[in-house]
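Worksheet: one structure, shown below.
Only this structure's heavy atoms are used, side chains among them; waters, hydrogens and symmetry mates stay out. Since the structure is predicted, the reported quantities are computational estimates derived from the model, not experimental observations.
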Amino acid sequence: MIARPLPRSGPIPFSHPPVPLPLPLPESARPQSQWVKPPATRRPDTNANADAPQAGGPTAQATYCGQGVLSVRSSVTGRLYRFEGRGCTQAIDPRDSLVLARLADLQVQHTRQVSRRGHN
């Protein structure tokens, strides 16, 4: 048995005592950067009509073959596709077809709309 010169009343500290963290500054006292603009109050619409595919161009449809409900947000256009159950079919943006075709429970069919102009 090893004799201790001083009786210990608590655990032996393995590090220095913790340093108290500074309190956060109020919003009015925070320094304002001249280089970074504050965030906008409203995000711009990423699904604007300018991004829509042209009428008469290629189209695609996706059919859900799985069980339950499937919600997918495309990483290409940012659109949300929600399939309510087996056999649910939706028209999808052709730019999203490659992303959605990678899902095992979706079957993607490509079609081409035929323009009737110029035909008699």
Side-chain angles (χ1 to χ4, degrees):
M1 183 169 189
I2 301 173
R4 293 188 180 187
L6 298 172
R8 300 255 184 219
S9 61
I12 300 171
F14 289 102
S15 66
H16 298 290
V19 177
L21 297 175
L23 296 175
L25 294 174
E27 191 69 33
S28 60
R30 291 186 182 167
Q32 297 295 322
S33 174
Q34 296 176 358
W35 302 103
V36 179
K37 293 181 181 179
T41 57
R42 185 172 175 259
R43 289 181 54 200
D45 187 13
T46 57
N47 293 334
N49 290 336
D51 292 339
Q54 297 295 325
T59 61
Q61 286 190 337
T63 304
Y64 181 53
C65 308
Q67 299 293 327
V69 177
L70 175 68
S71 293
V72 181
R73 182 170 303 275
S74 170
S75 59
V76 178
T77 62
R79 291 193 176 137
L80 178 67
Y81 298 100
R82 182 171 172 85
F83 299 90
E84 296 293 331
R86 180 182 288 270
C88 183
T89 301
Q90 284 190 39
I92 62 171
D93 192 307
R95 298 172 291 174
D96 294 333
S97 63
L98 291 176
V99 174
L100 297 178
R102 295 185 69 181
L103 299 173
D105 292 337
L106 283 180
Q107 292 178 347
V108 177
Q109 298 89 24
H110 296 275
T111 58
R112 186 163 194 57
Q113 293 179 347
V114 178
S115 175
R116 296 183 183 254
R117 287 185 285 176
H119 290 70
N120 290 342

Run the salt bridge (Lys or Arg N to Asp or Glu O under 4.0 Å) test on D93 and R79 for me, step by step, so that the C-alpha distance in whole Å, both residues' side-chain angles and the decisive distance to 0.1 Å come before the verdict.
CA-CA 9 Å; D93 192 307; R79 291 193 176 137; 2.6 Å; yes
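Annotation for V69 and E84: closest pair CG2-O, 3.5 Å, computed over non-hydrogen atoms. S97 and A60 get closest at one heavy-atom pair: CB-CB, 4.3 Å. When every heavy atom of Y81 is checked against every heavy atom of S74, the shortest pair comes out as CE1-CB, 4.3 Å. Taking both residues in full, the closest heavy atoms of Q109 and T63 are given as OE1-OG1, 3.7 Å, listed atom of the first, atom of the second, then distance. Contact record, R82 with S71: NH1-OG, 2.9 Å, taken as the closest heavy-atom pair.
Hydrophobic clustering (side-chain heavy atoms under 4.5 Å, transitive across Ile, Leu, Val, Met, Phe, Trp, Tyr) groups F83 together with V108.
In this structure, the side chains of V72 and D96 stay at 4.5 Å or more apart for every pair of heavy atoms.
To the nearest 0.5 angstrom, I92 atom CD1 is 4.5 Å from L100 atom CG. The CG atom of L98 sits 6.5 Å away from atom NE2 of H110, with the distance rounded to the nearest 0.5 Å.
With sequence neighbours left out, R86 forms a side-chain contact (heavy atoms from CB on, under 4.5 Å) with Q67.
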